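For reference, the structure is listed below as structure tokens.
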Amino acid sequence: MPNAKLQIGVLAVQGAFIEHERILESLGAEVFEIRQLRDLDRHLDGLVLPGGESTVQGKLLCDLKLFEPLRQKIANGLPVLATCAGAILLAEHIAGESKAHFATLPAVIRRNAYGRQLGSFFTENEVAHIGKVPQTFIRAPFFESVGSDVEVLSRTASSNTDANATSATKQIVAVKYKNQIALSFHPELNSDTSIHQYFLNLAK
Amino acid sequence: MPEQNRYELNKNLAQMLKGGVIMDVTTPEQAKIAEAAGAAAVMALERIPADIRAAGGVSRMSDPKMIKGIQDAVSIPVMAKCRIGHFAEAQILQAIEIDYIDESEVLSPADDVFHINKREFNVPFVCGAKDLGEALRRIEEGASMIRTKGEPGTGDIVQAVRHMRLMNQEIARISSLREDELFNRAKELQVSYDLVRYVHDHKKLPVVNFAAGGVATPADAALMMQLGAEGVFVGSGIFKSGNPAKRAAAIVQAVTNYTDAKLIAKLSEDLGEAMVGINEQEIALLMAERGK
């Protein structure tokens with residue numbers, strides 16, 4: 001297997017972490033769940049911050065004393081794949097809120113940017129270095145702005161017909177900054193594995 | 001009619017709630033306490049089940065204004081209940097852009113035969129189920145999430161445990177059936193062959209399955225998670241207890257680390273008074289018998 005022996009930790013405090021684990025395992029990586037501080041005792045080649053509710057995950061990270069050790073690892077260059085709630089955890093600023101979480105990604109992200117569940121949508125779209133991929137947006141955020149050294153990987157226009165006229169402008173939904181890949185959408189909900197493979201290449 | 005991907009998107013939202021706790025709240029203040037304590041979503045309702053049970057009478061959908069107040073107070077998903085079969089209440093909840101509708105036996109049923117045709121809606125539905133047949137019938141009608149039908153407002157976990165165990169046993173039984181036996185099983189369960197086939201092939205429901213009804217302590221939540229629940233609803237258990245914020249946060253952590261008894265022991269310390277429970281034998285009204 002090309003990805004054999006890669007040790008990938010998946011934050012498993014809340015949300016859709018099993019979906020990430022299945023895809024990473026199908027690609028040959030060795031996957032383990034991070035639920036407590038002691039789970040960080042082992043070697044990590046990469047970290048996945050899954051979708052779920054960012055407020056819940058942010059609180060549990062602190063309650064379980066995972067926050068600071070993980071923040072340091074990310075700041076020190078550990079490859080990270082963050083989807084939806086995970087991207088909110090990484091962003092330096094959350095629009096309209098004074099508090100952020102890891103704040104390791106120079107970007108402003110807006111929570112529930114497409115509205116409530118009725119604004120959730122599915123589309124297919126180009127992602128730089130990877131190609132066309134399925135993109136599932138669930139009460140998704142998008143990036144309002146990113147730092148000058150952040151690479152924009154994908155922009156998407158909402159297909160949601162209920163959305164107002166501004167949805168015609170394409171929003172930033174995938175970015176890369178050094179070791180961090182952050183996505184508004186959920187590659188773990190579709191069978192396409194190309195984004196996870198791209199992440200594993202970064203973790204090698 | 002809903003667009004093609006809508007049902008998938010609605011099942012996906014339930015996936016995002018996994019490993020989380022969904023809490024009943026009656027005011028924006030309670031919603032904020034729940035969110036701060038780590039709720040993955042809140043259920044907005046005028047009266048929590050324990051009070052519905054105490055008050056008696058007909059119980060209906062909550063005031064949309066009250067629900068909107070809660071929507072404005074938090075960033076997490078907001079759910080609300082409509083009566084079984086009351087599709088007009090569901091239409092109203094969809095109109096105010098609720099994130100999930102619970103077609104719930106906690107409210108008085110509006111129809112004693114038909115459930116809502118949930119396939120006609122864009123918003124997702126969660127429904128209660130005591131066994132696999134009920135679960136698959138609700139999924140056939142368009143539910144994108146299932147929960148146990150533990151007896152609401154009692155603080156008694158026994159029914160939720162019974163439903164979860166029964167569901168697991170029935171799924172295991174279907175998985176072990178020969179392919180040519182699935183047609184008859186579909187007939188017995190009054191559901192389509194395709195659904196029975198899915199359960200046979202995947203050894204699970206095609207949607208996320210949560211525990212609900214009677215969860216009052218971190219240990220109750222851990223019990224349900226170990227029995228296979230993918231997350232937990234807590235109704236009266238939090239805001240009918242002595243220290244709601246502390247109890248809520250403890251239940252949230254117990255759901256994440258549901259096999260770590262040492263941690264749950266610590267979480268269970270000094271939680272104050274738990275809600276007063278009522279045993280199964282002491283109640284006149286079994287809400288789980290509503291809607292089959």
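Chain letters run A, B, ... following the sequence lines, proteins first, then strands; residues in each count from 1. This is a predicted model, so every value here is computed, not measured.
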Name the region of [X], side chain, backbone, both or neither, that has any atom closer than 4.5 Å to a heavy atom of chain B.
{"X": "A:F137", "answer": "backbone"}
{"X": "A:A85", "answer": "neither"}
{"X": "A:E33", "answer": "neither"}

Check whether any side-chain heavy atom of [X] lies under 4.5 Å from a side-chain heavy atom of [Y], and answer yes or no.
{"X": "B:P124", "Y": "A:Q117", "result": "yes"}
{"X": "B:Q71", "Y": "A:R116", "result": "yes"}
{"X": "B:L263", "Y": "A:Q36", "result": "yes"}
{"X": "A:E53", "Y": "B:S75", "result": "no"}
{"X": "A:R35", "Y": "B:Y258", "result": "yes"}
{"X": "B:Q253", "Y": "A:L60", "result": "yes"}

Let me know if B:N5 has heavy atoms under 4.5 Å from chain A in its side chain, its backbone, both or neither.
->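 Contact with chain A: side chain only.
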Under 4.5 Å from any heavy atom of chain A - which part of B:A36 |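 Contact with chain A is through the backbone of B:A36 alone.
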Could you check which of A:I18, A:L64, A:T136 has the highest count of heavy-atom pairs closer than 4.5 Å to chain B?
->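 Of the candidates given, the most pairs with chain B belong to A:L64.
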Do A:E19 and B:K18 meet the salt-bridge criterion of a basic N to acidic O distance under 4.0 Å?
->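 Yes, B:K18 and A:E19 are salt-bridged.
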For [X] against [Y], the heavy-atom pair lying closest together:
{"X": "A:G51", "Y": "B:M16", "answer": "C-SD, 3.7 Å"}
{"X": "A:Q14", "Y": "B:A40", "answer": "NE2-CB, 4.0 Å"}
{"X": "A:K59", "Y": "B:A249", "answer": "NZ-CB, 3.8 Å"}
{"X": "A:R139", "Y": "B:L13", "answer": "CD-CD1, 3.8 Å"}

Within the supplied structure, the quantity of interest is the number of heavy atoms (other residues, nucleotides, ligands) at a distance under 6.0 Å from [X] [atom1]; does it exceed 12?
{"X": "B:K32", "atom1": "NZ", "result": "no"}
{"X": "B:K68", "atom1": "NZ", "result": "no"}
{"X": "B:F87", "atom1": "CZ", "result": "no"}
{"X": "B:K11", "atom1": "NZ", "result": "yes"}
{"X": "A:D41", "atom1": "CG", "result": "yes"}
{"X": "A:R42", "atom1": "CZ", "result": "yes"}

For chain A, which of B:V21, B:D260, B:V208, B:V74 has the most heavy-atom pairs under 4.5 Å?
->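 Top option by heavy-atom pairs under 4.5 Å: B:D260.
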Would you check, one step at a time, whether the test side chain to side chain contact (heavy atoms under 4.5 Å, CB included) holds for A:H186 with B:N12?
-> CA-CA 9 Å; A:H186 294 280; B:N12 290 158; over 6 Å; no
Side-chain (B:R6) to main-chain (A:S120) donor-acceptor, under 3.5 angstrom =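 The answer is yes, because a donor-acceptor pair under 3.5 Å joins these two groups.
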To the nearest 0.5 Å, tell me how far B:D99 CG sits from A:L118 CG.
->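 Going from CG on B:D99 over to CG on A:L118, the span is 8.0 Å.
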